Number of protein chains: 2
Amino acid sequence: MTTDIHGTVDQQLRRSRQRYTQGRRQLVDLLVGAGRPVTIPELLDLGARQSQSSIYRNLAILEQAGAVRRLTSTDDTGRFELAEELSEHHHHLVCSECGGIEDITLPDEVEEALHEAVTTAQRDRDFAVDAHHLELVGTCGDCG
Amino acid sequence: MTTDIHGTVDQQLRRSRQRYTQGRRQLVDLLVGAGRPVTIPELLDLGARQSQSSIYRNLAILEQAGAVRRLTSTDDTGRFELAEELSEHHHHLVCSECGGIEDITLPDEVEEALHEAVTTAQRDRDFAVDAHHLELVGTCGDCG
DNA sequence: CTCCGTGCAAACTTTTTGCAACGGG
DNA sequence: CCCGTTGCAAAAAGTTTGCACGGAG
């Protein structure tokens, strides 16, 4: 079976003293279905049955609870994806033309090299690294 | 000698049929001096002698010419840095508390592994990668 | 019955644009 | 002179908030 996403989100929300409402559940479903970071307009297009302001509020709550991550791309509208705790560790292909983002995973050996580099990096700095994330910037198929 | 940044920017702007005005030169100087991505308010604090709207316009022109890169962090105000063509290839430590960003460079062997991974990644996808950029997300010294 | 969550509309923040004045080439 | 650049103020885009209603526990 795949990990029980809704169960995990429910726990995360409880920890934040928040409820797993219909609206929040639906946003999680939409994010799972998208498989890439999406914008608020995209969520509405995908059939989110709630007002724009509720989407913002619910995503903010989900983000605080650790279920969702907010990104920005080259265009300037926020994009949202499931937190890594709920999805696979991955990175992003970012199109500098349209701002679109696709997910990508890297070979294990590269991840290992990265992890090692991260460990070394924080030894030299007064900075506690929680996560790493690689952006490959270029032009997507649609824009190319 | 260090590379002649102003000469290079001048050429880049000419290629875009734009002039290297006082204001643009000053922005480049401020970015060089900062040594990390800065926001518009920070540029004003650092003594930019031009209106906010001119800063936006000039940074947009410099970005189009390839001299400046625009980023966003966890807070939601744009941040600007010199393009890699004018600076050393580097990556970023991003503070999830305050949104601040610091520059960091990686060991050559990691860069090589990354470069190889990038090459492989784009072979499998309809996506032309121009550049890569690693974000190490965590908590900076001030916030920790 | 009590709260929390929601939609709507208004407020706010950041960024972009219109317009008239300025200034370097 | 002339055209690009600037500052100011207004507009636009994205996001957040106030408020009153409605629904879940």
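Below, chain A is the first sequence line, B the second, and so on; all start at residue 1. Every value quoted in this text rests on a predicted model; they were computed, and no experiment measured them.
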[Y] side chain reached by [X] side chain, heavy atoms, under 4.5 Å:
X	Y	answer
A/Leu43	A/Val38	yes
A/His132	A/Glu111	yes
B/Leu86	B/Val9	yes
B/Ile5	B/Leu82	yes

Taking all heavy atoms of [X] and all of [Y], pick out the closest pair and write down the distance.
X	Y	answer
A/His6	A/Val28	CE1-CG1, 4.0 Å
A/Arg70	B/Asp76	NH2-OD2, 4.5 Å
B/Cys95	B/Thr139	SG-CA, 4.0 Å

Numerically ordered, the residues 6-29 of chain B set in heavy-atom contact under 4.0 Å with DNA chain C is none
Contacting residues from residues 37-69 of chain A, given that a heavy atom lies under 4.0 angstrom of DNA chain C: A/Arg49, A/Gln50, A/Ser51, A/Ser53, A/Ser54, A/Arg57, A/Asn58
DNA chain C: 5'-most and 3'-most nucleotides touching chain B, 4.0 angstrom heavy-atom criterion: C/dT14 to C/dG18
Listed partners of B/Asp10 passing side-chain hydrogen bond (donor to acceptor under 3.5 Å, both in side chains), at least two apart: B/Arg14
Distance-only, no hydrogens or angles: does the B/Glu85 side chain make a donor-acceptor pair with backbone N or O of B/Ala67 under 3.5 Å? no
Distance (rounded to the nearest 0.5 Å) between B/Leu134 CG and B/Leu93 CG: 9.0 Å
Can you establish whether the number of heavy atoms outside B/His115 located under 6.0 Å from its atom NE2 is more than 12? no
Any pair with a residue in residues 94-107 of chain A that passes side-chain hydrogen bond (donor to acceptor under 3.5 Å, both in side chains), sequence neighbours left out, goes on the list, sorted by first then second residue, please. A/His92-A/Asp103, A/Glu102-B/Arg125
For the helix from C/dC1-D/dG25 to C/dG25-D/dC1, what angle lies between the axis at the first five pairs and the axis at the last five pairs, to 10 degrees? 30°
